[in-house]
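What follows is a short report on a single structure.
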Amino acid sequence: MVKTSLDRKFDQIKKREEEKSFSIKKRSRIVSKFLNNRLAVVGLIIFTIIILASLFAPLLSPYDPMRVDLRSMRQAPSFDHWFGTDSTGRDVFTRVLFGGRVSIFIGLGSAILSAVVGIAVGCYAGYKGGWIDVIALRISEIFMSFPQIILVLLLVSITGQSLFNLMAIFILTGWGGMYRLARARMLSLREEEYVQALRSFGLSTFTICYKHMLPNALSPIMVNITLSTAMFILTEAGLSFLGLGVPLNIPTWGNILNVAQDILILQNYWWMWGPVGLVISVFVLCVNFIGDGLRDSTDPSQQG
Amino acid sequence: MTTYIAQRLIIFFPMLLVISFLVYSGLELSPGDAVSHMISPELASTITAEQLDAMREAYGLNQSFITRYWIWLTSMVQGDMGYSMAGGVAISEIMIKTVPATLELSMVALFFSTILGCSLGVISALKRGSGTDNSLTVAGMAGVSIPEFFFGLVAILLFAIELKWLPVGGRLMPHYETVWDRIPNIVLPSLVLALMMTAGAMRYARSSMLDVLAREFITTARSKGMPEWRVNILHGFRVALTPVVVLIGFRLPLLIGGSTIIEQVYQWPGIGSMFIRSVRASDYPLVMTISLMYVFVVLTASLIIDVLTALIDPRVRLGKE
């Protein structure tokens, strides 16, 4: 019998299986699909590096991010000061590391908390329907008829500036999108047979929608959390750049960039704003790569 | 069709009313009232409580919240927007000065981003899976990841400060008269804004084009022996771009958000930089009016889009909400 190339391939695989040289994959399909996406893996690696670097900032840098040192003002990057120093002699690299803590905390924290609120409301309202659903839908529509940055600025002018206020505002402006996503998933899930079966067992509404239905809606929600993390980090940076975000005494990525509003600094001291802008861009890009990778690996319509 | 439009309108006006009420209540929650903002700090120590009350009464601030809201709303509808706290300028006057500048910037940016986004998206779809497609996708993601103000700053440094090709900011130079003199000022802000918005348009155009290319009438056109470029341009392109053009309207909030910060970076005297200035100065009447105007624009745009989509695609109307 003539062996085709396909047969030969099968033989090879069989041989390798017998030799146990490749074990049967225990990784789930989602993980392996994610790992096959080169951009997502690169994104995840750089994302982890930046997070670890800002978490262990005190170990990586001998300087204090807040300490003013008037003898070393506006120094260009050197071996001592990797990103140079700013107008009051503070080490920019250290400030970027410590700023990352706050910026990432705000971005990730607001994304997760607004997801929690959006999901809590969306699951229940989407499953129950009726007047709760109508009211929640209308409220989310009110929030969504503002352009996001305008609503944030309006709320900042009402509440005043603080770290806590900013996160509260982000949650208030961000839950609507998550709510709509969760609600839409619930609406399609609630007609499934297993849900009807659970209902006929007499399980309580809470158990059905949060314990049995929610896990089936989780993957698009995960994708959305990553994407809104990226968005919140960008919004925080923009607001702080304008001087309307986190109070200026707390180092965040946006607050470090704030100095670039001065045209003299923009022109003469590129290290005070260039590197931090790059770090924000790279970090957000990585988060977007991760989100994209997650979407590709969890979307059932692309399951191969 | 008429019932559909009527339904939309029935939602539109109460929505606007509720939002205006909420925004007005927000103003009420903010610290201080109009009188306390009018008095300079030097006078604050010498003025008596009676004088303050008299002033409040003169401005009608002693009336109930609902009454004041009603007075404000009715005068707003009649076109009287009230006065800014900074300098007491009529808000309608500020609007007349700033809105054209913003419209100018946004329209130019919208124009460039649509053309650029659609053509790149179509190219990307035609060469699906190729190196061009992949690099365009990555470039698109970079476009949504770089903070727009940072991109704007780098552009200023490069083209305005180092190369000195274009002005650093502003809308009109002194002594300049003709339309052509305005062009150097608008190039940088509009291109930066356009590039930031291209990514979204590109993504829509790509998926819409891929969608169309998989349809049967494309296969038919090919089987007739039509040259490939004719199939792509005449059949694919035309059909694919209809939804994309409608989607431009959906990107309006994005355009407004982006233009706000870009206007500030380039000192563009538009509504966005005015809004930021009023937030900084806690000029609540101005903040309130401008944000309501934004809401009005977004709601109107989405109403128009809904109606347009329904006109193009009758299935939208049949599907109940």
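Residue numbers begin at 1 in each chain, while the letters A, B, ... track the order of the sequences.
Look at K128(A) and D133(A) and you find no salt bridge, because none of the NZ, NE, NH1 or NH2 atoms lies under 4.0 Å from a carboxylate O. Salt bridge annotation for E263(B)-R277(B): absent, with no cationic side-chain nitrogen under 4.0 angstrom from a carboxylate oxygen.
Between the R128(B) side chain and the L210(B) main chain, no donor and acceptor come within less than 3.5 Å of each other. The backbone N or O of V259(A) lies less than 3.5 Å from no partner atom in the side chain of W273(A), so there is not a single donor-acceptor pair. Of the possible polar contacts, one joining the R101(A) side chain to the S54(A) backbone as a donor-acceptor pair under 3.5 Å is found.
You'll find the side chain of E141(A) reaches within 4.5 Å of the side chain of R180(A), heavy atoms only.
Proximity to chain A (any heavy atom under 4.5 Å) is restricted, for I261(B), to the side chain, taken from C-beta onward. In this structure, the portions of M141(B) lying under 4.5 Å from any heavy atom of chain A include both its backbone and its side chain. Both the backbone and the side chain of I142(A) come within less than 4.5 Å of a heavy atom of chain B. Of the two parts of V18(B), only the side chain, counted from C-beta on, holds a non-hydrogen atom closer than 4.5 Å to a non-hydrogen atom of chain A. With a 4.5 angstrom heavy-atom cutoff, A230(A) does not touch chain B via any of its atoms. Residue F289(A) touches chain B through both its backbone and its side chain, counting heavy-atom pairs closer than 4.5 Å. Of the two parts of I233(A), neither the backbone nor the side chain holds a non-hydrogen atom closer than 4.5 Å to a non-hydrogen atom of chain B. Contact of L257(A) with chain B is made through the side chain alone, with heavy-atom distances under 4.5 Å. Interface remark: I290(B) contributes no atoms to any contact with chain A (heavy atom separation under 4.5 Å). Contacts between V265(B) and chain A at a heavy-atom distance below 4.5 Å involve the side chain alone, from C-beta outward.
Applying the side-chain hydrogen bond (donor to acceptor under 3.5 Å, both in side chains) rule to N224(A) yields no partners; only residues at least two apart in sequence or on another chain are considered.
For the options V287(A), L234(A), L278(A), L239(A), heavy-atom pairs under 4.5 Å to chain B are most numerous at L234(A). Note: I276(B) leads I276(B), T260(B), L292(B) in heavy-atom pairs under 4.5 Å with chain A. Between chain A and the residues R280(B), M288(B), Q264(B), the largest count of heavy-atom pairs under 4.5 Å involves R280(B).
In summary, the aromatic rings of F47(A) and F283(A) are positioned with their centroids under 6.0 Å apart.
Of the residues listed (V246(A), T235(A), L248(A)), the one engaging S240(A) in a side chain to side chain contact (heavy atoms under 4.5 Å, CB included) is V246(A), and it is the only one.
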